[in-house]
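Heads up, the thing below is written out as structure tokens.
Every chain is numbered from 1, with letters handed out A, B, ... down the list of sequences. What you see below is based on every heavy atom in this structure, not just the backbone, and it leaves out hydrogens, waters and symmetry mates.
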2 protein chains.
Amino acid sequence: MDNQDLRKAGLKVTLPRMKILEILENAEENHHTAEDVYKLLLKAGEEIGLATVYRVLTQFEAAGLVRRHHFEGGQAVFELAGDGHHDHMVSVKTGKVVEFYDEIIEERQRIIAEEHGFKMTSHTLILYGEFEDE
Amino acid sequence: MDNQDLRKAGLKVTLPRMKILEILENAEENHHTAEDVYKLLLKAGEEIGLATVYRVLTQFEAAGLVRRHHFEGGQAVFELAGDGHHDHMVSVKTGKVVEFYDEIIEERQRIIAEEHGFKMTSHTLILYGEFEDE
DNA sequence: ATCGGATTGAGAACGGTTATCATATACTTT
DNA sequence: AAAGTATATGATAACCGTTCTCAATCCGAT
Ligand SMILES: [Mn+2]
Ligand SMILES: [Mn+2]
Ligand SMILES: [Zn+2]
Ligand SMILES: [Zn+2]
């Protein structure tokens, strides 16, 4: 994920865009709110406005570099779009997020959609609860 | 769904609560935003404040009479909580909502949660796309 | 019918996100 | 390398859905 990826997406290579990509790649956690990213940037010594963070994340999403999810809690969360889809398990206690992928579920979704004459273009599956060790 | 249900839920029987229940029971559609409900009330000649609509829907949710969902589009949608869980298929074109239930998916979710040491307390599954006849 | 606590309605406040606009920056052209 | 042009940025205002505040009203037990 480098400057070429930005150019390929039709985006100029600017300092905010590079730094935000860096943050997303190097952070401990995969899923961040816009404000998380904003604060990580500050901690890294970069004074990038929150509006810019939102703008850039939205552009990255449009370019397919980033995915946006709406978990409970109001704030959208963003993650680098690796290749391959996955779904999420979210702790209502700590906010911890674990990813999973289940081909049986994916297949059933396709079948159900078809049975209803529905052309499914996307879906969200989120499990809420808590991890036994927290 | 009558006054007894309200009392059972520890809620006084007030005109706004009765009218909102009526709307939810008699409307063509099952899924409504708070503003939908507010406008249906106006159309029915009831001048009930939007704040009250939000309050009452939230109370109904807490009492288990109503469920709240977050589809795409910012506004929460509410529906009467029949017995039994279901998931949703939402048209990104028209907003049409179709409900479904698939035991295979439900079972897989339980298994996946368990495999991750996760005590699942709820989940949301939403398919987005469009119906072939629209 | 009276009383006291719960409920309501209007509007202010709130939180997350997007829009505005003057200034700064990246890339292209000399 | 310098200038020119278009785009991006940052501060802040605006926005939108929802919740809060508080005086006035209503419910229902007595
Ligand atoms: Mn999936
Ligand atoms: Mn389900
Ligand atoms: Zn993820
Ligand atoms: Zn439903």
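Rounded to a whole Å, the CG atom of Asn3(B) is 15 Å from the C1' atom of dC26(D). Distance CD (Glu35(B)) to C1' (dC16(D)): 10 Å, rounded to an integer number of Å. Distance, Tyr54(B) OH to dC16(D) P: 13 Å, rounded to whole Å. Per the geometry, CG belonging to Leu6(B) stands 13 Å off C1' belonging to dT7(C), to the nearest Å. Here the P atom of nucleotide dT17(C) and the NE2 atom of His69(A) are 14 Å apart, to the nearest Å. In this structure, the NE2 atom of His32(B) is 18 Å from the P atom of dG17(D), given to the nearest Å. When the C1' atom of dT28(C) is taken as reference, atom CZ of Arg7(A) falls 13 Å away, rounded to whole Å. When rounded to the nearest whole Å, the span between CG of Leu57(B) and C1' of dG9(C) equals 16 Å.
Residues Gly73(B) and Val13(B) both approach DNA chain D. Their nearest nucleotides, taken by heavy-atom distance, put Gly73(B) toward the 5′ side.
Ion pairing of Glu103(B) with Arg110(B) is present here, as a side-chain N (NZ or NE/NH1/NH2) and a carboxylate O approach within less than 4.0 Å.
A side-chain donor from one of Asp87(B) and His85(B) sits under 3.5 Å from a side-chain acceptor of the other.
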After noting the C-alpha distance and the side-chain angles of Glu61(B) and Arg68(B), does the key distance pass the salt bridge (Lys or Arg N to Asp or Glu O under 4.0 Å) rule?
CA-CA 7 Å; Glu61(B) 184 190 18; Arg68(B) 181 194 308 241; 3.0 Å; yes
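The salt bridge (Lys or Arg N to Asp or Glu O under 4.0 Å) contacts involving residues 114-134 of chain B comprise Lys93(B)-Glu130(B), where partners must be two or more places apart or lie in separate chains.
Within 4.0 Å of Ala34(A), counting heavy atoms only, lies no atom of the nucleic acid at all.
You'll find the side chain of Lys96(B) stays beyond 4.5 Å of the side chain of Val90(B), heavy atoms only.
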Would you tabulate the pairs of protein nitrogen or oxygen atoms and nucleotide nitrogen or oxygen atoms of nucleotides 5-13 of chain D closer than 3.5 angstrom?
{"residue": "dT7(D)", "atom": "O4'", "partner": "Lys12(A)", "partner atom": "NZ", "Å": "3.3"}
{"residue": "dA8(D)", "atom": "OP1", "partner": "Arg17(A)", "partner atom": "NH1", "Å": "3.4"}
{"residue": "dA8(D)", "atom": "OP1", "partner": "Arg17(A)", "partner atom": "NH2", "Å": "3.1"}
{"residue": "dT9(D)", "atom": "OP1", "partner": "Thr14(A)", "partner atom": "OG1", "Å": "2.7"}
{"residue": "dG10(D)", "atom": "OP1", "partner": "Glu47(A)", "partner atom": "O", "Å": "3.3"}
{"residue": "dG10(D)", "atom": "OP2", "partner": "Gly49(A)", "partner atom": "N", "Å": "3.2"}
{"residue": "dG10(D)", "atom": "OP2", "partner": "Thr52(A)", "partner atom": "OG1", "Å": "2.7"}
{"residue": "dG10(D)", "atom": "N7", "partner": "Arg55(A)", "partner atom": "NH2", "Å": "2.8"}
{"residue": "dG10(D)", "atom": "O6", "partner": "Arg55(A)", "partner atom": "NH1", "Å": "3.2"}

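Within 6.0 Å of CD on Glu29(B) lie no more than 12 heavy atoms contributed by other residues, nucleotides or ligands.
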